[in-house]
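Since the structure comes first, as structure tokens, the remarks are kept for the end.
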Amino acid sequence: MQAERILAETVREAGDRIRAALAMRFRDLDMAEEAFAFASLRAVETWSRDGPPRDPAAWLYAVGRRRAFDLGRRATVRADAVHDAPEPEPDPETILMAAFEPIPDERLRLIFVCCHPALAPEARIALTLRTLYGLSVERIARAWLTSEVAMLQRLTRAKRKIRDAGIRFEIPGPDAWPERLDAVLATLEIAYAQAYEDAAGAGDAADLAAETLRLSGLLVELAPAEPEVLGLAALIRLTEARRPARLDETGAMMPLSEQDMGLWDRRLIGEAMALLRRAAELGRSGPYQLMAAIHGVHATRLETGFTAWTHVVALYDALLAVRPSPIAAVNRAVALAEAQGPDAGLAALSAIEGPERLAAWLPYQAARAGLFAKASRGAEAAEALRAALALHPAPAERLFLERRLAALAQ
Amino acid sequence: MQFLLIIYSDEGLQDQAVMQEITAAHMRLGAELQESGAMVGGNRLRPSDTATTIRTTGGVQSLHDGPYAETREQLGGYYLVEAPDLDAAVAWGKKIPGGPNYAIEVRPIWPLG
């Protein structure tokens, strides 16, 4: 029992580091996974019998390494694997007595491998969560609403591509760095968006959100001089801080302006603001910092009691200049309505390009409904709400929209 | 390791001046590849209407007039390069000229033996 507890603790604290070190040493994600699983299994047996080792993490790494060598002898090891002189043949238990080599920190390299832009975006985060955090395929599949078999195939294909397509187990050079870093950040952003999608966030998605939050923090630790890394970590923290206030007691979505700020996580907000200040000192702005800054303005309501909407509009203008997107344009229109009145907001909304396609887009109809209601144009608001409801909103959002529609009818 | 950089472009679209410009850019890229030691080989292919496809179905072979796949963009040529990894191969692939719309497929060579 005690052995299992110590193992769980060690894996929680050092598992990602050990997995990454094994993967990098053998340049083989499958082998690292298998070696780590083997070491964990042996740990429970050995530690229950002989008592836990002095340094459980080093023990796991040493036994995993030993196992990978054995596996490697059977299979053909990649040509670029690190070939040490063959180690003597001690059984794993005696290794723990030998001098431990410190576990090298290879996590950043592993993240860059798993988030290579040549891999499909949906495969990247699954691969990262699997190889770095050891999340089970079943758990990842649940978060992506796909079958375990399909997820396993996706992971297998990605690992095979890494092995055969010449994806190198190295930190990218300066030429490739911006593109590769973008791919890492985009991967984390997609993972978090996936977790955020389900507003209830009670089950698997909340789990995934916590992992993504952790991963973004790790990235800050590993690449502290990249302002966009800090920006994304701040963005995720600010969004996550409001999770407890996103639903009311009936399970309906609560719009930001009506949320109970007492439920916001002040610790996360504080962390995010500190990250944003550090990012600003580095003097290179970017979309993640801008998005985080927008959320930062909202969070400031906690201190000041009001939202500086003109500031929000200006930040959306800056964001649209560097990374145009329909969602940012819609959100800008909503902010503009707060700053200058609903007519300005509605004008901005109708100025967004491609209205034919927007009509079938839920956030657009929801925003229209809100602005029409604000302008006391009830009939049009109701029409927009009905259009939004026809677009298959998630349960929490459906409840919210239905309630708005009922309120208009009164 | 070696990578095949396969060029897919719309062979119907280009006018003479554009073609000349692209050809000149290919010459420059070829020289750069030679100089860096990355060039293993490469060729421009005649248009896909000169292609003949040998198809084997149930062990029976037959000839067809035309390329294997009728696509919007056609296989027009390739480079075979030596590169340390995918990132380096992609960097070469990005330098291949071809006008405003075209695609380069990067495929690792399966080494023999």
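Note that the coordinates shown come from a computational prediction; the quantities given were computed from them, not determined experimentally. Residue numbering restarts at 1 for every chain, and letters A, B, ... go by the order of the sequence lines.
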Please give me the minimum heavy-atom distance between A/Ala118 and B/Leu86, naming the atom from each residue. CB-CD2, 3.4 Å
Set of ring pair (Phe, Tyr, Trp, His ring centres under 6.0 Å) partners for A/Tyr133, sequence neighbours left out: none
Report, in residue-number order, which members of residues 171-185 of chain A are under 4.5 Å from chain B by heavy-atom distance. A/Pro172, A/Ala176, A/Glu179, A/Arg180
For B/Asp65, is the CG atom crowded, meaning more than 12 foreign heavy atoms sit under 6.0 Å from it? no
Shortest non-hydrogen contact between A/Ala165 and B/Pro108, atoms and distance: CA-CG, 3.6 Å
Residues which pass ring pair (Phe, Tyr, Trp, His ring centres under 6.0 Å) with B/Tyr79, listed by chain and number, not counting sequence neighbours: B/His26
Side chain to side chain contact (heavy atoms under 4.5 Å, CB included) partners for A/Ala20, two or more places apart: A/Glu106, A/Arg107, A/Leu110, A/Leu132
Around B/Glu21, counting heavy atoms of other residues, nucleotides and ligands shown, do more than 12 lie under 6.0 Å from its CD? no
